[in-house]
Amino acid sequence: MSAISIGVVGGGASAVCLIDALVMAEGGPGSLTVFEPSPNLWRGRAYQADSETIKVNATPDDMSVRAGDPHHFIRWLGARDRMLGESGGLDPFSGARFAPRAVYGEYLEQTAYAGLAELRRRGWRVDLVGDSATTARRTGGQVLLSTGRGVTSSFDHVVLCVGGDGPKDVYGLAGSPGFTADPYPVSQNLRTIGAAERVAVIGSGLTAVDIVLALTAQGHRGPISLVSRRGVLPGVRQREAAFELRHLTQERMRALARSRREISVQEFTAIVHRELREAGVDLAALRSEVIATDGESPVGRLRRQFAAVTASDLGLRILQRAVPEIGPDVWPVLREQDRAEVLRSHYRTIMSLCCPMPPGSAAVLLALVDEGRLDIRSGLDSVSPRSGGGFAVGLRDSTVLRVDRVINAVNASEGRIPQGAAPLVNSLIGDRAASLHPHGGLHVVRATSRLTTDGTPDPRLYGLGTIAAGSLFFTFGVQSLVDRGVDIVDAILGRAGSQPPVRAAETLLPA
């Protein structure tokens, strides 16, 4: 393993998790090359330098990039607070801390550079290439990657960390005056919106919430409408409570995956119910919560969930922890018809409940609703430019909203191949080194994240993040990226099943 060479395509959060796993595994020495054309190296689109008004929706212990060390980000935040003389504000309703996305981007940057410095100290060669890898070809036991400028390099292993795609322009509004195709960074892309302009935000997920918070922070006073087909907002995160999972653990789910080729959703549901019953969860109330996602008005649901921030029942908290942790392990062994049904009928509900907004964000939304400055509508049917300027937003009940600005908050289809990565992925498919998954992304093996074609995995090629969305589940969460990063490093180093050591010391570098 002394001359191992690894190429990483993409330099966002998933690449940082991979690099940290490689550092902790203490393999090599060898060479590591990262290809990333974006100026947002290590931060990606989500965590670039931006307004501190928009925050991550998880607490710091769920955002650590170090496997087995949930306090890694917490310690980094503490060191940053001491360095800058800050105290770090807590959410007034839950008592938890939700770091600004830009601050989390600093953490990703510093962790990546500290990791690369450590690899260099151990004798690794590290190269950062500010260009896209556009083609890949297997030859002589290696993978040849070529960039857009025609530079070709060979690697023993290549890991695709290409991230997700940008917002979809569902209504073909690109180029229309007053249309914002991508809200990030909000500090730049929303600053030209007038304080009194009427705004429609297309979408109702976490991005839409970010937009409302950013507009409010910059002094916008005009009416804002969140419009989407279903009107499903993210849930509201509850105050943290101590509990331990008994049945919905990675160890048990991985053992189940090893022992069974396939299980039904009914069998898995029985395991979930056992976990919930033993924790004293009110199953009827939790079932009502799930059903209410579509049957309740968006504002009514938001108001009710905000009122339940301090509720003692553990049902939602258990789901919010279990889905990211065990989703990638359970998903591949569910029956195909069950996976298709979950994606078709329940995916948006699962994401709403398991990716909730901070209570402080919910409080701002409710205050705007009560002031008459925000409405949340379902039944979106059409959006079109008006001849006299502005836009007409049509709803299925024949209501037409006339607005001055439209901001796109429509998330890309989960697992859609990012436009920038399409040439590379197409070359892999043409080389029969990869195959498209019917539910999105590429086929990968659960245990190693190796790309597979016709059931045959290739030990030279790996996919990390949303590129594996069809094969796995909840691939974009930091916890999932960390776990899969460890799997990939163990597979590359021939240590399948091993656990990386955990170190307490970190080096804090300037951003």
Side-chain angles (χ1 to χ4, degrees), residues 12 36-40 43-46 48-51 54 101 131-132 134 148 162-216 218-220 222-231 374-396 399-426 466:
E36 175 54 64
S38 165
N40 300 314
R43 291 171 172 262
R45 175 173 170 266
Q48 59 188 299
D50 204 350
S51 167
I54 58 175
R101 289 181 181 272
D131 196 2
S132 299
T134 54
V162 296
D165 210 354
K168 294 185 296 183
D169 182 11
V170 176
Y171 299 99
L173 300 174
S176 300
F179 175 63
T180 302
D182 187 342
Y184 298 117
V186 298
S187 56
Q188 296 180 25
N189 293 353
L190 303 185
R191 65 183 178 184
T192 63
I193 294 177
E197 287 191 298
R198 298 165 297 174
V199 175
V201 179
I202 308 303
S204 57
L206 289 169
T207 299
V209 174
D210 281 350
I211 292 168
V212 174
L213 296 178
L215 287 175
T216 302
Q218 72 182 35
H220 184 267
I224 303 172
S225 297
L226 296 188
V227 288
S228 61
R229 287 175 296 178
R230 292 179 59 193
L374 174 68
D375 66 333
I376 306 166
R377 305 286 192 101
S378 61
L380 177 61
D381 185 59
S382 64
V383 185
S384 57
R386 300 175 64 207
S387 59
F391 300 84
V393 179
L395 306 181
R396 285 196 296 267
T399 299
V400 177
L401 306 177
R402 290 175 172 80
V403 300
D404 304 303
R405 298 279 195 137
V406 168
I407 306 172
N408 190 15
V410 178
N411 292 327
S413 297
E414 182 64 21
R416 188 176 74 178
I417 304 299
Q419 183 177 357
L424 176 66
V425 170
N426 289 337
T466 54

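Predicted, not measured: the structure shown is a model, and the values here were computed from it.
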Measuring only between side-chain heavy atoms, which start at C-beta, is Leu215 closer than 4.5 Å to Ile193?
yes

State whether a side-chain donor-acceptor pair under 3.5 Å links Ser204 with Ser228.
yes

Would you say that Arg101 contacts Asp50 through its side chain, given a criterion of any heavy-atom pair below 4.5 Å between the two side chains?
no

Determine, for Arg45 against Asp182, whether the closest basic-nitrogen to carboxylate-oxygen distance falls under 4.0 angstrom.
yes

Does a side-chain heavy-atom distance below 4.5 Å link Tyr171 with Val393?
no

Do Val201 and Leu226 have side-chain heavy atoms sitting under 4.5 Å apart?
yes

Partner of Ile224 under side-chain contact (heavy atoms from CB on, under 4.5 Å), chosen from Val212, Ile376, Val403
Val212

Quick check: are there more than 12 heavy atoms from other residues, nucleotides or ligands sitting under 6.0 Å from CZ of Arg230?
yes

Is a salt bridge present between Asp404 and Arg198, judged by a nitrogen-to-oxygen distance below 4.0 Å?
yes

Min side-chain heavy-atom separation Arg191-Val186 under 4.5 Å:
no

Looking at side-chain heavy atoms only, is the closest gap between Thr180 and Asn189 below 4.5 Å?
yes

Under 4.5 Å between any side-chain heavy atoms of Leu173 and Ile202, yes or no?
no

Determine whether the side chains of Asp375 and Ser225 contain a donor N or O and an acceptor N or O closer than 3.5 Å.
yes

Treating Asp381 as the side-chain partner and Gly394 as the backbone partner, does any N or O pair qualify as donor plus acceptor under 3.5 Å?
no

Hey, are the side chains of Ile211 and Pro183 touching, using non-hydrogen atoms and a 4.5 Å cut-off?
yes

